[in-house]
Structures are given as structure tokens and as C-alpha cells.
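To start, the structure under review is shown below, and the notes come after it.
Side-chain atoms are counted along with the backbone in the values below, which use heavy atoms only and exclude waters and symmetry mates. Note on naming: letters A, B, ... go to the chains in the order of the sequence lines (proteins, then strands), and numbering restarts at 1 for each one.
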2 protein chains.
Amino acid sequence: MTTAGHSQRATISDVAKHAGVSIATVSRVINQTAPVASETAERVYNAVAELDYTPHAAARGLASNKTNTLGLLLPMIGGSYFSPMLRGIEKAVSQNGMALLIYSMQTDVHQSARLNLPLGGHNSDGLLVFTNSLSDADLQRMYKRNFPLVLLHQTPPANLNIPSVTVENKAGSRKLVEHLIEVHGCRRIGFLAGPEEHEDSKWRQMGYLEALTAHNIPFNPELVANGGFNENDARSAVEQWLLKGMELDAIFAGDDDAATGVITALKRAGKRIPQDIAVVGFDDLPLSRHLSPPLTTVRAPIEQVGQEAANQLIRLIRTGQATSLVILPTELIIRQSCGCGSSSS
Amino acid sequence: MTTAGHSQRATISDVAKHAGVSIATVSRVINQTAPVASETAERVYNAVAELDYTPHAAARGLASNKTNTLGLLLPMIGGSYFSPMLRGIEKAVSQNGMALLIYSMQTDVHQSARLNLPLGGHNSDGLLVFTNSLSDADLQRMYKRNFPLVLLHQTPPANLNIPSVTVENKAGSRKLVEHLIEVHGCRRIGFLAGPEEHEDSKWRQMGYLEALTAHNIPFNPELVANGGFNENDARSAVEQWLLKGMELDAIFAGDDDAATGVITALKRAGKRIPQDIAVVGFDDLPLSRHLSPPLTTVRAPIEQVGQEAANQLIRLIRTGQATSLVILPTELIIRQSCGCGSSSS
DNA sequence: ACAGGTCATGTAAGCGCTTACATACTATAC
DNA sequence: GTATAGTATGTAAGCGCTTACATGACCTGT
């Protein structure tokens with residue numbers, strides 16, 4: 001066991017006293033907010049070093065009404081998806097000398113903790129909101145207050161003009177499915193949707209539909225199931241299909257996490273990929289190229305989404321302006337799980 | 001484009017006025033810090049709801065000298081490793097009604113931003129410090145100040161009694177290598193070390209050494225290279241070996257990220273796994289079972305490490321006490337990349 | 001030599017809370 | 001009925017900063 005307890009640290013007045021100046025001067029040299037004689041500044045710097053002084057963030061925040069911090073709201077941290085997104089966000093955040101405060105909206109924190117954990121903002125200068133982590137009502141509330149907000153993978157609810165950053169889902173999905181149809185002659189292509197209300201999923205499904213329509217393949221609702229954008233749900237969904245004796249020549253798993261579940265289920269059932277059934281995903285996670293067979297998918301620039309969103313938010317905070325909608329392009333990544341021959345990148 | 005700009009929000013005095021009480025009373029009902037007549041409390045709650053009041057975190061922090069926030073220091077966010085760790089941390093943090101502030105120590109932020117981005121603490125009640133994200137000097141500085149600290153995957157520098165949470169590396173590594181030796185008859189086993197100063201790596205290497213010694217296999221320094229605990233470094237390391245015509249019958253990649261690089265390099269060179277060369281990793285990341293062949297590895301309870309560390313830190317903050325050293329057990333996970341037959345979990 | 005600038009620095013008023021202390025009121029005991 | 005002890009609420013002093021404003025020193029031009 002070990003013990004600890006706070007001890008008092010140097011404040012700005014300690015530094016001022018030590019350097020023989022006023023606290024205003026100390027503040028000025030630290031923030032470089034007004035010219036200070038270089039000799040004076042020197043004394044202040046020395047005092048800072050000697051006392052090992054660090055400004056008190058809360059005091060600063062209270063006085064200046066800025067926290068220099070971005071908040072990130074996540075539905076819950078999980079899946080392979082967040083790692084690259086976080087990296088992108090972190091990049092933008094630290095390049096701008098800000099900090100990152102993360103909340104994941106667990107189960108039911110909403111109600112109870114509202115007062116004690118002011119997610120409402122106020123400990124950040126703005127919020128990055130990932131799909132499904134905030135109700136429309138909450139969104140509206142914050143928007144009305146003029147609190148800087150940027151949405152990730154979600155467009156704002158009706159008539160709220162909140163900037164939003166996402167990827168080109170529909171076109172990517174369509175290209176992917178058309179590849180299956182045109183190159184591999186697939187006709188019975190299963191689609192695993194993501195969670196309800198997940199916009200990415202809706203767009204991907206539309207792309208899937210468009211591809212079918214463009215090739216005169218009638219839409220069969222039985223070929224759509226819920227894969228939840230995760231491994232387990234996808235696995236059970238495929239198991240259900242298999243149990244029902246559903247005939248399929250390809251499965252578009254919705255995303256790559258789901259695709260790993262699909263592959264597992266198929267292999268367990270003794271199906272060969274891609275000979276018996278082709279499998280494709282969406283996102284191009286780092287792991288996807290290592291699956292067996294390597295996964296054909298659509299590359300979503302996840303890290304860039306994070307970075308772009310953070311940058312937009314910072315711009316919104318600083319200048320009051322941001323681009324309403326940023327859609328980052330996706331790219332078809334052909335590997336072998338669709339039936340194509342040799343590998344690439 | 002969209003625009004925004006802060007508007008003023010309700011403060012505690014607005015609420016007090018609106019409810020016809022003093023700010024002290026409002027504070028008391030919000031924090032449940034002293035008995036208040038239920039009728040009065042009711043009025044306050046109504047006022048809070050009507051004004052959509054949220055306490056100002058900075059003001060609170062300044063007055064109470066607590067931030068209700070845990071800081072997490074990372075060397076940089078990357079690799080598949082952080083996702084589960086973060087999830088564990090987040091779990092503990094939100095279960096305790098706290099928030100999580102993340103810094104990743106990019107390249108050279110250290111010097112310059114020290115004053116403006118007070119990593120020194122002060123915007124968190126305590127810090128979770130991941131290996132290599134803080135110099136011993138910084139650690140010492142904060143320790144001297146009695147700032148609550150918990151180390152992840154790193155033991156404290158000499159005579160600083162900072163609690164630390166890590167996994168059982170040596171025993172796991174030894175079991176892994178012994179499996180290679182005893183079951184598969186390997187004698188020339190390559191080891192890919194992680195980054196310098198990474199304690200996990202040192203212990204894993206010791207486990208490797210112990211296993212060799214226990215089986216009278218002389219240690220050959222040529223069989224140790226640097227895989228950096230990441231895919232790319234590991235790939236080049238293996239390519240070097242192959243180029244030199246190094247004879248190997250197994251490679252212990254250091255961790256699973258590195259193992260994916262090893263597998264890639266080996267496959268490119270036309271080697272069969274495990275027939276020509278066995279490959280094993282460490283960590284058991286989610287992707288590892290999906291590699292081809294499925295990776296034999298050691299399961300490190302990464303999520304639990306995060307959760308345990310956060311819990312220790314919270315305990316340290318609240319009670320001043322924490323367990324000095326927590327070592328979480330690891331478990332050998334046999335799959336096929338070592339040469340074993342059929343799959344399991 | 002003096003008005004009018006500049007520049008460096010100091011003074012002090014908050015920012016929105018928490019909390020020790022003071023006060024008023026009600027209930028209990030005798 | 002008065003003293004005693006609670007209980008509910010108010011008052012006000014900070015917490016450690018930022019920043020508008022005031023001050024004083026030193027130039028410059030005439």
C-alpha cells in the first residue's frame with residue numbers, strides 16, 4: 001500500500017512575490033498577452049521554474065471562460081473503430097494545444113448524473129458528438145444555447161444547423177455491391193444492417209439497394225438482417241440465415257467488425273469463402289487485410305474523419321464558423337474475400 | 001457554413017433568485033451536502049429545470065479544489081492495444097461518476113507547452129500514466145507534490161512509491177516459449193523486443209531467456225531483434241533476418257501487433273506458418289484469432305488493467321490509499337500458428 | 001521645458017461556485 | 001415560560017486566475 005494526499009502548490013501570487021512583480025505581470029508573461037520587459041520576464045520565468053509553478057486550470061477557466069478543452073461524446077468505447085478515430089481527433093487537438101475530454105454515455109448515466117456530471121458542456125469549449133450518443137432533444141438544447149457542436153457520422157436533426165463530418169457511404173457501398181454483381185455475378189447478396197438510427201447503416205443500405213436496382217435485381221427483404229456493426233450480432237445473424245437454409249452467394253456485412261463475425265460463422269458452417277459465399281465489409285480496419293481471406297471492403301478514412309471533425313470544432317470555437325457538412329471520400333479496396341484473385345496493399 | 005457564439009447561461013444565482021432562496025441553498029440541494037426542506041428542494045429543482053441550469057465545472061473546481069476528472073497520459077494513441085484499455089478505464093471512470101481527460105504526449109509537446117497545457121495536473125484529480133509517457137524526472141516532480149498517480153505497464157523509478165498495474169509478463173512469456181520448445185521441438189526461436197524502456201518487453205524477454213535456459217538451449221543474441229511492438233518494425237526485422245539467411249524454427253513476436261507484421265513478412269517470403277516457421281504473439285488482441293493461421297499467444301487482460309488502474313487511482317484520490325503493485329495474470333492461448341492442430345476459443 | 005504619446009507595470013474587480021459561520025425559527029424539556 | 005438543542009437557511013469570504021483601467025516613467029517634437 002501507498003498513501004497520498006494533496007499538498008499545496010505554488011499559485012500565481014507566490015510567483016509574483018518571488019519575482020518581485022504583480023500577479024498581473026506574471027499572467028502577462030505566461031500568456032504572452034502584453035509586452036513585458038525582457039528582464040522582468042526573465043525574473044518571472046525563473047520564479048516559475050524555481051517554484052515549479054503550473055497555472056490552475058479551473059481558475060483560468062473561470063476567469064477567462066474558456067477551458068481549452070474539447071469534449072468527445074461516445075455511445076460507448078468499443079469496436080475496432082474508435083482507435084483510429086481517436087487518433088485523428090487527438091492529432092488535431094494536440095496540434096492546437098488543446099486537451100481532450102472523453103465521455104462515453106454508458107447505459108443510463110443520462111438522467112441521474114446530469115447535474116453532477118455536467119455533460120451539458122462547461123468543462124469543454126465545444127463538443128464532438130458521435131452518432132447516437134445524444135438525443136435530439138439534448139442536441140437541440142445545446143444548439144439553442146449556442147454551444148459549439150460538431151457531429152460525427154450523423155447529420156443534424158431537422159433545422160438544426162450543426163456542422164457534421166461523415167464519410168461517403170452510399171457511393172462506396174454501391175460500388176462495392178456493383179463489384180459483387182458485375183465482376184462476380186452475384187445475385188443473392190445478403191446485407192447486414194447496423195444499429196437502428198445509425199446513419200451510416202442507412203446510407204450503406206441505400207447504396208446496396210441502388211446497386212441492385214441498377215442491375216435489375218429485385219430487392220428481397222429476407223436478404224437484409226441486423227448485424228449490429230459488431231462481430232457477435234453478425235455471427236448470429238448469419239447463423240440464422242444458414243439455419244433457415246437461406247441461399248446466398250455473397251454477404252455485405254455492413255462493416256468490417258461484422259465481416260469478421262460473418263467469416264467466423266461461415267467457416268464454422270463449412271462454407272468456403274469466396275467460393276461458396278463471398279464476403280465484403282466496410283471501413284477497412286487495420287485488421288481487415290489480415291483476415292482470411294483478406295477482406296474486400298471500402299476504405300473509410302476514419303482517422304481523417306476524427307481529425308477533420310476536431311478541426312472544424314476548433315474553427316467553430318475560435319471563429320464562429322464551420323463547414324456545415326463534410327463528406328470524406330471512400331475507396332473500394334479489392335482483396336480476396338469477394339472472389340478476386342491476387343492480393344494488393 | 002454555420003455560425004456560433006457563446007450566449008450566457010444560467011448561474012447559480014439565477015437559480016437562487018428564481019427559486020427565492022440563497023445560492024448556498026441551491027448549492028446544498030444540488031450537491032446534497034446538507035439537509036434542505038423538501039419543499040424548498042422542490043422549488044430549487046424546478047428552477048434548475050426551468051432555467052436549464054448546469055453547474056459551471058471550472059467554478060466548482062476552483063471552489064472545491066476537485067475536478068472530478070481523471071487524467072490519462074499516453075505516449076501516443078495507436079496500435080490495437082489502446083482500445084480495450086480505454087474501455088476498461090472508461091468503465092471504472094463512469095461507474096464512479098467521473099470524467100476522463102486524455103493527453104497523448106506527441107513528439108515534442110513536452111517543453112514548449114508545459115505552461116499552457118498544464119499536464120502537471122490541476123485539471124484532473126489524479127493521473128494514469130502509461131509507460132514511457134512521462135520522464136522519471138516529471139514523475140518524481142509530481143510524486144513529490146503528492147499528486148495521485150498510477151502507473152500502467154511500468155513500475156515506478158527507484159524509491160518512488162507509486163502504485164502500478166501491469167500484467168504477468170515473464171511467466172506468460174516463459175510458458176509460451178516452453179510450449180514452443182516442449183510441444184513443437186523448436187530450438188532456434190527468434191524474439192522481437194519492443195521499444196527500449198518498455199518494461200513489458202524486458203519481462204517478456206526474461207521469460208524467453210528462462211525458457212531457453214530451463215531447456216539447455218544456449219542463448220543466441222542474433223536471435224533477438226527489435227520489432228517495436230508494431231506491425232511495420234516487426235515486418236522489417238523479419239525481412240532482415242530472412243535476407244541474412246537466418247535459420248529459425250519459430251518467432252516470438254513480442255506482441256500481437258508485431259506478430260501480424262511477422263506473418264506478413266513470412267508469407268511474402270513464401271514461408272509456411274507453422275510448417276516452416278511457427279509464430280506466436282502476446283496480448284491476444286481481438287484480431288489475433290482471425291489471423292491466418294489463428295495466432296497462438298498469451299492473453300493479457302488489457303481491459304482489466306485499465307479498469308483496475310482507474311479504480312486504484314480513484315481509491316488513491318478518495319482514501320489516500322492504493323495497492324502498490326497489481327499484477328494481473330496472463331493465460332496461454334493455443335491456436336494454430338504454433339503448429340497445434342485444431343482451433344479453440 | 002512642457003504637452004502628448006508610448007510603454008511597462010500595478011490595482012482591483014470579478015468569474016461562479018463551496019463552505020465556515022451566523023442567524024432565525026421550531027421543538028423539547030423542565 | 002424560559003433555557004437548550006436542533007434544523008433550515010442566509011451571509012460572505014475566498015478559490016486562483018484574467019483583464020479593464022489607472023499609474024508612472026520615459027520619449028518625442030516644438
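- Residue A:T11 is classed as a sugar-phosphate contact, given heavy-atom separations below 4.0 Å to backbone atoms only.
- Take the nearest nucleotide of DNA chain D for A:S13 and for B:S38: the residue whose nucleotide is more 5' is B:S38.
- Within 4.0 Å of B:A37, counting heavy atoms only, lie sugar-phosphate atoms of the nucleic acid but no base atom.
- Here C:dC15 presents its C1' atom at 13 Å from CG of B:D14, a figure rounded to the nearest Å.
- Comparing A:A63 and B:G20 by the nucleotide of DNA chain D that holds the closest heavy atom to each, the one mapping nearer the 5' end is B:G20.
- Contact check, B:N65 against C:dT18: no side-chain N or O comes under 4.0 Å of OP1 or OP2.
- In this structure, B:E199 contributes its side chain and B:T131 its backbone to no donor-acceptor pair below 3.5 Å.
- Here the side chain of A:P35 is nearest to one of D:dT19, C:dT19, C:dA8, namely C:dA8.
- Rounded to an integer number of Å, the gap from NZ of B:K17 to C1' of D:dG10 is 15 Å.
- With values rounded to the nearest 0.5 angstrom, B:T67 atom OG1 is found 7.5 Å from B:I317 atom CD1.
- Between the P atom of C:dT18 and the CG atom of A:L62 lies a distance of 12 Å, rounded to the nearest Å.
- The A:T25 side chain lies nearest to C:dT9 when the options are D:dT18, C:dT9, D:dC15.
- Of the candidate nucleotides C:dT9, C:dC17, D:dC17, C:dT9 has the atom nearest to the side chain of A:T40.
- A salt bridge is defined here as a Lys NZ or Arg NE, NH1 or NH2 lying under 4.0 Å from an Asp or Glu carboxylate O, and A:K144 with B:D52 fails to meet this definition.
- Relative to the side chain of B:I23, the nucleotides C:dC15, C:dC17, C:dT11 differ in distance, and C:dC17 lies closest.
- Proximity note for A:V36 (side chain, C-beta onward) versus D:dC17, C:dC17, C:dT9: the nearest is C:dT9.
- A:L86 has its side chain within reach of A:I102: a pair of non-hydrogen atoms, C-beta onward, lies under 4.5 Å apart.
- In this structure, B:E39 atom CD and C:dT26 atom P are separated by 14 Å, rounded to whole Å.
- Atom CD1 in B:I12 sits roughly 14 Å away from atom P in D:dT11 (whole-Å rounding).
- Set against D:dG10, D:dC15, C:dT9, the side chain of B:R28 has D:dG10 as its closest nucleotide.
- Taking every side-chain heavy atom of B:A24 into account, D:dT11 is the closest of D:dT11, C:dC17, D:dG16.
- Atoms NE2 (A:H56) and P (D:dC17) sit 7 Å apart, rounded to a whole Å.
- In this structure, A:Q32 places its CD atom 16 Å from C1' of C:dA8, rounding to the nearest Å.
- Using modelled atom types, one finds a donor on one side chain and an acceptor on the other under 3.5 Å when comparing B:R318 with B:N96.
- At C:dT18, none of the side-chain N or O atoms of B:S64 fall inside 4.0 Å of OP1 or OP2 (strictly under the cut-off).
- Distance, A:R9 CZ to D:dC15 P: 13 Å, rounded to whole Å.
- Contact check, A:S27 against D:dT18: a side-chain N or O comes under 4.0 Å of OP1 or OP2.
- Using cut-offs of 30° and 60° on the angle between ring planes, the pair B:H153 and B:H198 is perpendicular.
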